[in-house]
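Worksheet: the structure to be examined is printed underneath.
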Amino acid sequence: MPEYLPTAPAKGTRDFLPAEMSVRTQVFGHLYDVLELRGFLRYDGPILEPAEIYERKSGQEIADQQLYTLTTKGGERLALRPEMTPSVARMIAGNAKSLQFPVRWYSHPNCHRYERPQRGRVREHWQINADIFGSDSANCEIEIFELIHDMMGALGATPDMFQVRANDRNLLSSALTDIVGVTAEQLPQVFTLVDRWEKSDRAKLSDTATEIGLTEKQFEKLAEILSSGTALLDELPEQVKENSNLVKVLNSGAADLIKFDPMIVRGLAYYTSTVFEVFDTSPENRRALFGGGRYSDLASLFTSQQIPGIGFGMGDVTLIDFLDTHDLTPKPRSEADVVVIPVVEELTDAAREVAGRLRKAGLRTSTPVELRKLGKELTRADKAGARAVVIVGQEDWDAGNVTVRGLASREQQTVAVDGVVTAVNSLM
C-alpha cells in the first residue's frame, strides 16, 4: 500500500474552504469599505524581513519566543513577519521624501508567530492594520477611535457589544514613579506586570512584584491605582496631563468612544504614549479582540527623521470569534444566483449566450460543465443555492424563448430571450 502524505494543514495553520472563505471575504470587504471611505490607502509588503527589525522593536516575547527565522545561502538572517508595523515603518522611512504627511495607510497581511495554538491564537493569522503617520495631533487618536467604532458597526456590532479601553504609558509611568515609588530601573518590569494583571491570580502577581523589588505596601498601592479609573488623573502632575493626547481625547466630544483604563499597557516595545485594546463585553467571550497605540520613534531604525504614528492591528481569529459569539457571522454566499441549463448538448452555445446576458447584468451565473439529465441538473442547482434556473430547450430556443423557473416557488414561465434578465431578477 502506498504511504500517503497527511491532508491536515501544519499545526497552527488553517485551510479555508469556499464556504468559510465566502464568510471571510464578506467580513473583510465591509472593513475595507470603511477604511476607504475614511481616506485610508491600501499597501502591502514582503512576508520576509530582516530578523533584526523585530528583535530590536517588537519586544522580547516576539523576538525570543515567537519569531520564525531562516538563514539564506548568502548568510542573511530573515524572519517571517510576525506583525506589519516594523515593515510599514521601514516603507514610510524609505519613501518619506515623496509622501505628503500625514498619511493614512492600511493593509491586510498574513503574519506568523510560533505560539501554542489555542482559542484566539494560532501560528498563522491575517490582520488588518490601520495607521496614521506624520502627526502628533490628538485628532489622530480621535480618528482611530472613530474608525474602530465604524468598522465594528459595519459588521453589525452595537456599542454595547464591545469596549475600547485606553491608557497612556506616560500617565502610567508618572503614576508608578510618583505615587507607587517605582524606580526607573524597575519600570519596564512593572509595565510587564501590569500587562499581565488581569491574566494572573493575585498571589502570582504579588510574588512577581516581590521579585522585582516592590514592597508589600507598594504592591497594594499599585493595585489601588490600577483600579481607580479616571480618579487616577486627579493625582497626576498637571504637566504630564497637558502633554497627553489621551487626556485631550477624554476632555473632548469624543470621550464617549473610549474608557480610560490604567491597566492597558500593550506588550510591544515600540508604543510610547497612547495604548488601547478593544474588548468583547459578552460573558461568553470576555477577552481582548485587538489593540494598538502611538509610537513616536519607530522609524528611527531607518532614518534620523522623527515620524510619529498611531495605529492598530485587527486579527482575523479573535474577530471571527467575536462575530460568532454575537451571532453576527454572515452566511456563506451560494455558488451561483442562477444556473442556465441546456436540455441537450447541441444547445450548449445557446446556454452560454444566455449566461453571458445574465452575467453582464451582475447576476452570478453558471452553466453545467458536464451535461446530465435535466432532473439531476435541477437538483444540483438547488444544492448550489441558486435562486433560479434558466432552461434552454430546442423548441423554445427556435422561437426565441427560454424557460425561467424559481427553485423556491417551483413556478416557471416562458419568456423571450431579451427578457430573461428581468424575469430572473424578479425571482432574486
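Since the structure is predicted, the reported quantities are computational estimates derived from the model, not experimental observations.
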Interatomic spacing from [atom1] in [X] to [atom2] in [Y] - rounded to 0.5 Å:
| X | Y | atom1 | atom2 | result |
| --- | --- | --- | --- | --- |
| Leu358 | Thr367 | CG | OG1 | 11.0 Å |
| Leu171 | Leu246 | CG | CG | 6.5 Å |
| Glu76 | Leu70 | CD | CG | 9.0 Å |

| task | Apply side chain to side chain donor-acceptor pair (under 3.5 Å) to the pair Thr329 and Asp324, showing each step before the final yes or no. | result | CA-CA 6 Å; Thr329 308; Asp324 288 344; 2.5 Å; yes
For [X] and [Y], which heavy atoms make the closest approach, and how far apart are they?
| X | Y | value |
| --- | --- | --- |
| Gln189 | Glu185 | OE1-O, 4.2 Å |
| Gln218 | Val180 | NE2-O, 3.1 Å |
| Val389 | Ala381 | CG1-CB, 3.7 Å |
| Val339 | Ala386 | CG2-CB, 4.0 Å |
| Pro82 | Cys111 | O-CB, 3.5 Å |
| Ser252 | Val249 | OG-O, 2.7 Å |

| request: Give me the ring orientation class for Tyr114 and Tyr68: parallel if the planes are under 30° apart, tilted from 30 to 60°, perpendicular past 60°. | output: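 Plane angle over 60°, so perpendicular.
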| request: Can you label the angle between the Tyr32 ring and the Tyr106 ring as parallel, tilted or perpendicular, going by 30° and 60°? | output: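 Rings of Tyr32 and Tyr106: tilted, 30 to 60°.
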When you check the side-chain N and O atoms of [X] and [Y], is any donor under 3.5 Å from an acceptor?
| X | Y | answer |
| --- | --- | --- |
| Gln163 | Thr281 | no |
| Ser282 | Asp280 | no |
| Asn129 | Tyr43 | no |
| Thr208 | Glu211 | no |
| Ser228 | Glu224 | no |
| Arg169 | Thr274 | no |

| task | Answer yes or no for Arg165 and Phe279: cation-pi contact, defined as NZ/CZ to six-membered ring centre under 6.0 Å and angle to ring axis within 45°. | result |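 Judged by the rule (NZ or CZ under 6.0 Å from the ring centre, within 45° of its axis), Arg165 counts as positioned above Phe279.
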Could you tell me whether the side chain of [X] and the main chain of [Y] form a donor-acceptor pair under 3.5 Å?
| X | Y | value |
| --- | --- | --- |
| Glu124 | Arg113 | no |
| Asp382 | Leu378 | no |
| Ser22 | Pro332 | no |

Do [X] and [Y] have their ring centres less than 6.0 Å from each other?
| X | Y | value |
| --- | --- | --- |
| Trp197 | Phe219 | yes |
| Phe290 | Phe312 | yes |
| Phe322 | His326 | yes |

| message | Under the rule for salt bridge (Lys or Arg N to Asp or Glu O under 4.0 Å), what residues qualify as partners of Arg333, not counting sequence neighbours? | response |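 Arg333 satisfies salt bridge (Lys or Arg N to Asp or Glu O under 4.0 Å) with no other residue.
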